[in-house]
Amino acid sequence: MRKLLLDGLLKRPLTEPAPPPDDAGLAELATRIRRKLGRSLSIREVDAGSCNGCELEIHALNNAFYDLDRFGIRFVASPRHADVLLVTGPVTRNMREALERTWNATPDPKWVVAVGDCALDGGLFAGSYAVEGGVSSVIPVDLHIRGCPPSPTALLQGLLALLEKAERG
Amino acid sequence: MTALIDLIQQGRPVDGHRPWPRAIVDADLWEVAAAHLAAGDWSLLDLWGEPDRVHMTLLEEAGATVGTVSLDCPDRRYPSIARRHPPALRLERTLRDLYGLEPVGLADDRAWLDHDRWGVRHPLGSAEQDFEPLPKYRFLPAEGESLHRIPVGPVHAGIIEPGHFRFTANGETVVRLEERLGYVHKGIDSLMAGAAIERAAMLAGRTSGDSTVAYALAFSAAVEAALGMEVPARAVALRAVMAELERLANHFGDIGAICNDAAFAMMHAHTGVLRERVLRASDAAFGHRLMRDRVVPGGVAVDLTADGIAAIRALLAEAHRSFPPLVTLYDETASLQDRTVTTGIVGEPLVRQYAAGGYVGRASGRSFDARRLPGYAPYADLPFEVPVRHDGDVNARVWIRIQEVGQSLALIEALLERLPGGPLHVPLPAGSGEGAALVEGFRGDVHAWVRIAADGTVERCRLRDPSWFQWPLLEAAIEGNIVADFPLCNKSFNCSYSGHDL
């Protein structure tokens, strides 16, 4: 174990430079963000019916290459600690209430980021008896990050855009 | 004992069902099959339905036979299999929810996937718009002094899929765990019906995101069987490269995540890097980190170039260099072993009864691997071992993954060394038919069954995740363990919610 720890200290970190914030994301945010967050964002992730592909890439944000923590962005266990809900999936009817309750449990000010093509409009699952068809049909959405699933870089760009906008107030 | 093949022959054979036979049986033969399942002679691979018919795919390991039996049930009733063979329980509850097919003799009358939120009852059967609300869901009772209940989910603390767990605990010790799933039910069965094959393949690839290659492969193989077509040799090899990359990525992720649930973050950090390297190599080689929509009916959608091969070779070299020290780290850290060894034991009789596949089965003595039985190309020509252990605890499930990492690395190397040339894809012939496939995903065997209509669309498609037969065993694994060890047990199973809920 000591050798692995030492290696970690002596070698160049794997972490990559931050990507530029996503401009399209900035435009979409427009008027919604009203308060400075001081470069700190707590995120509660909610899977509202995704295939789990988006979760895998959201997870990847925590690995050494992307190291989300360095931007002051972190995932929290409770919506009560969250500034942002990161919602994936087409919102299944069976998850609708849980999503609404999670949103209600998140203190204001709060933002909702919908992740993935399903979260935008239901994606491939649109039209099914079992899905609502997109996060915005259930709770207000501030930012969409497209992709099936979006890459960690795309996720990072979207979140940094949110943060920059928040900083400018 | 009747051989499975004899039972099939006693039924009325369905022409053109490939690669294994399907026969329409009467209720008596259906009961004979139930008796063989109950006696442990055969294993249940799947139980699914159509509006007026139920199907069951059976495996006889001794005779290396797979076969499907079907029972017409115009009155929407069929003799329950679960009454005698509990692994069918949730499948039968699902059939009732989706199709309104009633398993006669089943004591459990609770809904499973239907949470009374769809606005329609029996959506794939009579699709009633006007119905009585379902009774409140009754969790199984656990009675006694000082028992308390802990409800968890559907929204969990981590970045994971939604599902509800109802623990009954006595102090720290779990007396009973009951799962309540169905939260991510998307209605994939209904979306499949009538879909063009291309769209259906995309849906299959989005049934369980971590197994997108396995699902696309299972669906494609079933379509190809139904149409009686061969896939070019290069496509077969590239599919296997993708499937093994997917297995690597998930196993690396799981090994670290299990250790992380024992608060050993260092392992998680290092395997997280390895997982990321697999995804990057996959992206470089096949143009998508998860290799989604890369396996298509008829072949593969992208070629593997020299640059792609170089990226995969670099990954293999890196994994050979950095994974062994991590295995040593796992094996020599006493505080970690203290958490994983003897935790969450599943006995061999249970994994055999449930025909649990993947690391859950193999950690408890069941060596089944769909790459071997029924087997599919190109694995018959490749050397690999299927690791088996008998201790059945969290540690055993970690070790099966560790050993499978070694096997997958060797398989990819062997595949790259003799990559055949030729076309990537052949057009699908016109025609109709029925086909099935069993494909070994990282989690276990994925079953796909498809009926292609005369107009070339998918008339019906069934996809069964390995988790159907693993979720119930998690309830057994946690019994008598402490609540704090549940994350470890759960992560060592890593069952799919989306693949199960469909």
Side-chain angles (χ1 to χ4, degrees), chain A residues 1 3-5 7-8 14 43-66 75-79 86 88-99 101-102 105 116-118 122-132 148-149 151-152, chain B residues 113-115 117-120 123 127 153-162 182-188 190-191 199 202-203 205-212 249-250 253 257 266 268-270 272-273 275-277 279-280 283 289-290 292-293 325-326 329 332-333 496-499 501-502:
Chain A
M1 188 184 322
K3 184 173 178 304
L4 278 169
L5 285 170
D7 273 359
L14 294 166
I43 300 177
R44 171 63 253 197
E45 199 269 347
V46 183
D47 175 339
S50 96
C51 71
N52 193 30
C54 289
E55 278 64 33
L56 296 175
E57 295 297 53
I58 292 169
H59 256 297
L61 289 174
N62 282 325
N63 76 32
F65 290 91
Y66 305 104
F75 290 99
V76 293
S78 166
L86 202 61
T88 65
V91 188
T92 57
R93 297 231 150 105
N94 287 352
M95 267 306 285
R96 181 186 176 122
E97 185 191 338
L99 177 60
R101 286 169 68 166
T102 306
D117 290 345
C118 297
L124 221 53
F125 305 106
S128 162
Y129 63 87
V131 307
E132 299 287 351
C148 186
S151 67
Chain B
L113 297 184
D114 191 348
H115 293 196
R117 304 295 166 102
W118 298 335
V120 57
V155 179
H156 298 281
I159 305 169
I160 61 167
E161 299 180 82
Y183 289 94
V184 285
H185 175 73
K186 293 180 269 290
I188 291 177
S190 75
L191 293 169
R199 174 176 151 81
M202 291 174 74
L203 280 166
R206 285 156 181 78
T207 304
S208 179
D210 50 21
S211 303
T212 181
N250 283 303
M266 184 175 169
H268 188 228
H270 282 278
V273 168
R275 178 184 158 83
E276 178 68 21
R277 290 195 193 281
L279 299 189
R280 289 180 174 204
D283 193 21
R289 286 164 55 89
L290 303 178
R292 187 160 269 177
D293 303 329
L326 296 177
L329 177 67
E332 291 182 355
T333 305
S496 170
Y497 299 70
S498 183
D501 293 353
L502 277 175

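Here the structure is a predicted model, which is why all the values come from computation and not from measurement. In what follows, chains are A, B, ... by sequence order, proteins preceding strands, each numbered from 1.
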(message) Determine whether A:Tyr129 and B:His185 satisfy the following criterion, ring-ring contact (aromatic ring centres under 6.0 Å, His included), listing intermediate values before the conclusion.
(response) CA-CA 10 Å; A:Tyr129 63 87; B:His185 175 73; 5.7 Å; yes
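- With a 4.5 angstrom heavy-atom cutoff, A:Leu4 touches chain B via backbone and side-chain atoms both.
- Using a distance-only test at 3.5 Å, with no hydrogens or angles considered, no donor-acceptor pair links the side chain of B:Arg206 to the main chain of A:Cys51.
- Proximity to chain B (any heavy atom under 4.5 Å) is shown, for A:Val91, by neither the backbone nor the side chain.
- Counted by atom type alone, A:Ser50 and A:Glu55 present one or more donor-acceptor pairs between their side chains at under 3.5 Å.
- Rounding to the nearest 0.5 Å gives a distance of 10.0 Å between CE of B:Met202 and OG1 of B:Thr212.
- For chain B, no part of A:Cys54 is nearby; none of its heavy atoms comes within less than 4.5 Å.
- No other option in A:Lys3, A:Glu97, A:Arg44 has as many heavy-atom pairs under 4.5 Å with chain B as A:Arg44.
- Your options are A:Leu5, A:Val131, A:Leu124, and the one with the most heavy-atom pairs under 4.5 Å with chain B is A:Leu124.
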(request) Applying side chain to side chain contact (heavy atoms under 4.5 Å, CB included), run through A:Asp47 and B:Val184 and close with a yes or a no. (result) CA-CA 9 Å; A:Asp47 175 339; B:Val184 285; 3.9 Å; yes
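- Heavy-atom distances place the backbone of B:His156, and not its side chain, under 4.5 Å from chain A.
- Neither the backbone nor the side chain of A:Leu86 comes within contact range of chain B; no heavy atom of the residue lies under 4.5 Å from a heavy atom of that chain.
- Inter-residue side-chain proximity for A:Pro149 and B:Arg292 is flagged as met; some heavy-atom pair is nearer than 4.5 Å.
- Proximity to chain A (any heavy atom under 4.5 Å) is shown, for B:Val273, by both the backbone and the side chain.
- The residue among A:Val76, A:Asn94, A:Asp7 with the most heavy atom pairs within less than 4.5 Å of chain B is A:Asn94.
- Heavy atoms of A:Ala105 lying under 4.5 Å from chain B are absent altogether.
- Looking at B:Ser498 and B:Lys186, their side chains do bring a donor and an acceptor atom within 3.5 Å of each other.
- When the options B:Asp210, B:Ile159, B:Leu279 are evaluated for a side-chain contact (heavy atoms from CB on, under 4.5 Å) with A:Leu56, the one that passes is B:Asp210.
- At a 4.5 Å heavy-atom cutoff, the contact between A:Thr102 and chain B is made by side-chain atoms alone.
- At least one test fails for B:Arg277 against the ring of A:Phe65: distance under 6.0 Å to the centre or angle within 45° of the axis.
- Looking at B:Arg289, only its side chain comes within 4.5 Å of chain A, counting heavy atoms on both sides.
- Using a 4.5 Å cut-off between heavy atoms, A:Pro79 makes no contact with chain B at all.
- Of the atoms belonging to B:Leu191, it is side-chain heavy atoms, and not backbone ones, that fall under 4.5 Å from chain A.
- Considering all non-hydrogen atoms of both residues, B:Tyr183 and A:Thr92 come closest at O-OG1, 2.5 Å.
- With chain B as partner, the option from A:Ala60, A:Gly122, A:Ala77, A:Gly53 having the largest number of non-hydrogen pairs under 4.5 angstrom is A:Ala77.
- Ranked by heavy-atom pairs under 4.5 Å with chain B, the first of A:Ala64, A:Cys148, A:Gly127, A:Pro152 is A:Cys148.
- Put simply, of B:Asp114, B:Leu203, B:Val120, the one with the most heavy-atom pairs under 4.5 Å next to chain A is B:Leu203.
- Contact annotation for B:Thr333: only side-chain heavy atoms (C-beta onward) come within less than 4.5 Å of a heavy atom of chain A.
- A side-chain donor-acceptor contact under 3.5 Å links A:Tyr66 and B:Glu276.
- Neither the backbone nor the side chain of A:Thr88 comes within less than 4.5 Å of any heavy atom of chain B.
- Using modelled atom types, no side-chain atom of B:Ser211 and backbone atom of B:Ser208 make a donor-acceptor pair closer than 3.5 Å.
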